[in-house]
Amino acid sequence: MASKTTNPFVFLQQVRAETAKVTWPSRRETMISTVMVLVFAVIAMIFFFTADVAMGYAIEWILGLGR
């Protein structure tokens with residue numbers, strides 16, 4: 001397939017035309033999505049911290065470490 005070079009100005013016009021077709025989220029939708037991501041990140045952090053501590057205690061108990 002032959003490489004077709006495009007004028008940079010034409011390229012920028014095409015990018016601008018494609019960007020105009022995008023449906024951008026509103027400020028409210030962006031804030032709600034951000035809060036949801038942060039809440040789920042905290043939930044995941046708590047879960048993995050708890051699992052890590054529980055597995056640490058289990059390994060210490062099984063191997064008899066720390067006595």
Side-chain angles (χ1 to χ4, degrees):
M1 192 158 138
S3 175
K4 187 176 180 181
T5 59
T6 304
N7 184 346
F9 297 109
V10 173
F11 174 74
L12 290 176
Q13 287 174 342
Q14 291 172 349
V15 168
R16 192 168 182 171
E18 289 297 321
T19 309
K21 296 177 187 178
V22 174
T23 304
W24 297 101
S26 67
R27 180 178 292 271
R28 184 173 186 272
E29 291 171 333
T30 304
M31 291 302 294
I32 289 172
S33 297
T34 301
V35 169
M36 287 175 54
V37 167
L38 293 175
V39 166
F40 282 109
V42 168
I43 290 170
M45 177 188 66
I46 291 169
F47 171 77
F48 286 114
F49 176 76
T50 305
D52 182 49
V53 170
M55 285 187 266
Y57 285 135
I59 295 297
E60 285 181 11
W61 181 73
I62 291 169
L63 298 178
L65 300 174
R67 289 186 190 184

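Residues: numbered from 1 along the sequence shown. Computed from a predicted structure; not experimentally measured.
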Taking the side chain as C-beta and beyond, is there a heavy-atom pair between Ile32 and Met36 under 4.5 Å?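 Result yes, sub-4.5 Å side-chain heavy-atom pair found.
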4.5 Å side-chain heavy-atom contact, Phe48 and Asp52: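 A side-chain contact is absent here, since even the closest heavy-atom pair is not under 4.5 Å.
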Where at least one partner belongs to residues 21-37, residue pairs that pass salt bridge (charged side-chain N to carboxylate O under 4.0 Å, His left out), sequence neighbours excluded: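 Every pair satisfying salt bridge (charged side-chain N to carboxylate O under 4.0 Å, His left out) with a residue in residues 21-37: Glu18-Lys21.
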Trace of the side chain to side chain contact (heavy atoms under 4.5 Å, CB included) decision for Trp24 with Thr19: CA-CA 9 Å; Trp24 297 101; Thr19 309; 3.7 Å; yes
If hydrophobic clusters are built by linking Ile, Leu, Val, Met, Phe, Trp and Tyr wherever their side-chain heavy atoms come under 4.5 Å apart, do Tyr57 and Phe49 end up in the same one?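 Result: yes, single cluster for both.
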Are Val53 and Trp61 joined in one hydrophobic group, where the rule is that I, L, V, M, F, W and Y side chains link up if heavy atoms are under 4.5 Å apart?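 In one cluster with Val53: Trp61, no.
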Ignoring hydrogens, what is the shortest heavy-atom contact between Ile46 and Thr50? Give both atom names and the distance.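 Closest approach of Ile46 to Thr50: O-OG1, 2.8 Å.
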Would you please test Val42 and Leu38 for side chain to side chain contact (heavy atoms under 4.5 Å, CB included) and show each step? CA-CA 6 Å; Val42 168; Leu38 293 175; 5.6 Å; no
